[in-house]
Number of protein chains: 2
Amino acid sequence: MFIKNLPHKTVERLSQYRRALLMILSKEKTHVFSHEIAQMLHITPVQVRRDLMLIGYSGNLRKGYDIKELIDLIGKIIDSERGQRVAVVGLGNLGKAFISYFKGKRSKLSMIAAFDINPEKINRVFDGVPCYHINQLPEIIKQNNISIGIITVPSEQAPEIAESLVLSGIKGILNYTPKPLNVPAYVYLEEYDMITSLEKVAFFAKKNDERFK
Amino acid sequence: MFIKNLPHKTVERLSQYRRALLMILSKEKTHVFSHEIAQMLHITPVQVRRDLMLIGYSGNLRKGYDIKELIDLIGKIIDSERGQRVAVVGLGNLGKAFISYFKGKRSKLSMIAAFDINPEKINRVFDGVPCYHINQLPEIIKQNNISIGIITVPSEQAPEIAESLVLSGIKGILNYTPKPLNVPAYVYLEEYDMITSLEKVAFFAKKNDERFK
DNA sequence: TTAGCATTGTTAATAAATAAACAGTAACTG
DNA sequence: CAGTTACTGTTTATTTATTAACAATGCTAA
């Protein structure tokens, strides 16, 4: 399904709508209003309606949105029909956390492999995901047609891992390292830095504190 | 130091500028140009200059910015003079990852405590951080004047943890649970959801792939 | 059967974030 | 010592994201 130029934030919210809807899906409740979705995610109903407008979904004027239909439509838009395979590079605490969070969640995304350099982890299975040595990365990525890589290695190693992923044909990278990466335009890169997040919270907590005291 | 209404994104970048600058700080190199900072973080030089303008810092026309001065100024703005204390609630893989990442990084933020319900973890020290039972949370938070909480528990438990943190006088919360939380306006809340991030990467990776093929 | 109400879908307004444009100026160069 | 260069600092424009406004519609209930 093609919808041109869906805004980044809308894509994020669609993912959240779907998860929220999956949670309330039941026989008794088949429909949901925009203000109900909004309340679950602490956003405004207008935002919800606007997002749904962008993906061309229409609800019933008096009953709201058909939950099942909406879940399916979001799937048609954000999922890849053939599914996408994911690998985690770096099986430390963060890599493990990701795999555990992920487990049994999304049917169209499958966690296929983890990579590390620690011999104790290699050739073992963590939470259903086999771990290989990093120098097998190109081989495994290509063989299994893995298109998404999550980087959770120590930051010094991030650039070379990214390069290796790109050369192996990866299409998207999620970088949890504080080291900003350089990738070609045909690879989508998303970066998230925990320390920056914490410093941001610290800043606004301090500011709030001054304002409300 | 008061700068009114610093934009959220600017605060995030200031944190990143500081870390990047700390890395290149040395005797030989005392100054840095906006385009050098920009290159390190893969943003535009204009963005850098604009952010520095917002915090009222002036560089030298021909030499650029004094690295040491700039680091100090950013500290004066985003750090709290008296320091801020942080606790992690949920010492699973993600909680541990956070503590390890954090270790020995920021002097003005100190990781004081972790909380869990697993008896094997309680009353032990992980990476220098002692772990307590969750029902000691209010007590420990108040006693140690902890103002920032990081939630990494399973999502069902997130709302009660958040409530407990708020009642204990916390000022800022970083929620890594997919469950959106409700907190009063005087508590700053930042939420990050790994699965949404991954689905976003998957979506744009797919889209890029169609576009560039 | 008609007035009122609750809800959607869309357009218009506002706010936030980024990028472009450009004036100003100290150092360098011939 | 005049012209050029390589920067900064600030204003203006553009893009992106959110919010507000409101018309349209069909259900409900008198």
Side-chain angles (χ1 to χ4, degrees), chain A residues 3-17 21 29-67 69-70 73-74 180 185 188-191 196 200 203-204 207, chain B residues 3-17 21 29-67 69-70 73-74 180 185 188-191 196 200 203-204 207:
Chain A
I3 308 269
K4 69 165 189 182
N5 289 342
L6 229 34
H8 282 218
K9 297 281 182 169
T10 294
V11 173
E12 290 176 15
R13 282 189 297 263
L14 288 174
S15 158
Q16 293 172 331
Y17 296 161
L21 292 174
K29 193 167 173 57
T30 59
H31 288 71
V32 65
F33 296 122
S34 62
H35 65 260
E36 292 177 303
I37 299 179
Q39 198 166 39
M40 291 189 284
L41 304 189
H42 302 132
I43 58 176
T44 66
V46 190
Q47 185 80 84
V48 174
R49 294 206 298 277
R50 194 167 216 301
D51 287 334
L52 299 189
M53 185 191 91
L54 291 176
I55 63 171
Y57 184 63
S58 288
N60 282 45
L61 198 39
R62 200 72 178 193
K63 292 196 290 181
Y65 304 95
D66 183 306
I67 299 179
E69 260 179 41
L70 184 47
L73 177 61
I74 293 176
Y188 179 82
L189 172 66
E190 174 94 5
E191 312 205 287
T196 287
K200 185 183 175 192
F203 174 80
F204 285 107
K207 204 178 147 221
Chain B
I3 308 270
K4 69 165 189 182
N5 288 342
L6 229 34
H8 282 218
K9 296 282 182 168
T10 294
V11 173
E12 290 177 16
R13 281 190 299 263
L14 288 174
S15 158
Q16 292 173 331
Y17 295 162
L21 292 174
K29 193 165 172 60
T30 60
H31 289 71
V32 66
F33 296 122
S34 62
H35 66 260
E36 291 176 304
I37 298 179
Q39 196 166 40
M40 291 190 283
L41 305 189
H42 301 135
I43 58 177
T44 66
V46 189
Q47 185 79 82
V48 174
R49 295 206 299 277
R50 193 168 218 301
D51 287 334
L52 299 190
M53 185 189 91
L54 291 176
I55 63 171
Y57 185 64
S58 289
N60 282 45
L61 198 39
R62 200 70 178 195
K63 292 196 289 181
Y65 304 95
D66 183 308
I67 299 178
E69 260 179 42
L70 184 47
L73 178 61
I74 293 176
Y188 179 82
L189 172 65
E190 174 93 5
E191 311 205 286
T196 288
K200 185 183 176 192
F203 174 80
F204 285 107
K207 203 178 148 222

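Numbers restart at 1 for each chain; the letters A, B, ... are given by sequence-line order, proteins then strands.
- Taking atom NE2 on A:H35 and atom C1' on C:dA6, their separation rounds to 9 Å, with Å as the unit.
- Non-hydrogen atoms lying under 4.0 Å from DNA chain D are contributed by B:R49, B:R50, B:M53, all within residues 44-55 of chain B.
- First and last contacting nucleotides of DNA chain D toward chain A (any atom under 4.0 angstrom from a heavy atom, 5' to 3' order): D:dA17 to D:dC27.
- Without hydrogens or angle criteria, A:E69 side chain to A:D66 main chain gives no donor-acceptor distance under 3.5 Å.
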Margin query: Each nucleotide in nucleotides 25-30 of chain C should get exactly one letter: B, S or -. Can you fill that in based on protein heavy atoms under 4.0 Å?
Written below: BBS---
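- Summarising the geometry, the separation between CD1 on A:I37 and C1' on C:dG9 is reported as 14 Å, rounded to the nearest angstrom.
- When the C1' atom of C:dT8 is taken as reference, atom CG of A:L70 falls 14 Å away, rounded to whole Å.
- The separation between A:K9 atom NZ and C:dA15 atom P is 18 Å, rounded to whole Å.
- If you take CG on B:L21 and CD on B:Q16, they are separated by 11.5 Å, rounding to the nearest 0.5 Å.
- Between A:Y65 and A:Y57, the angle of the ring planes lies from 30° to 60°, which puts this pair in the tilted group.
- Relative ring orientation between B:H8 and A:F204 is described as tilted, the plane-to-plane angle lying within the 30° to 60° band.
- Across all strands shown, B:S34 has heavy atoms under 4.0 Å from sugar-phosphate atoms exclusively, and none from any base.
- Using a 4.0 Å heavy-atom distance criterion, B:T10 is classed as making no nucleic acid contact.
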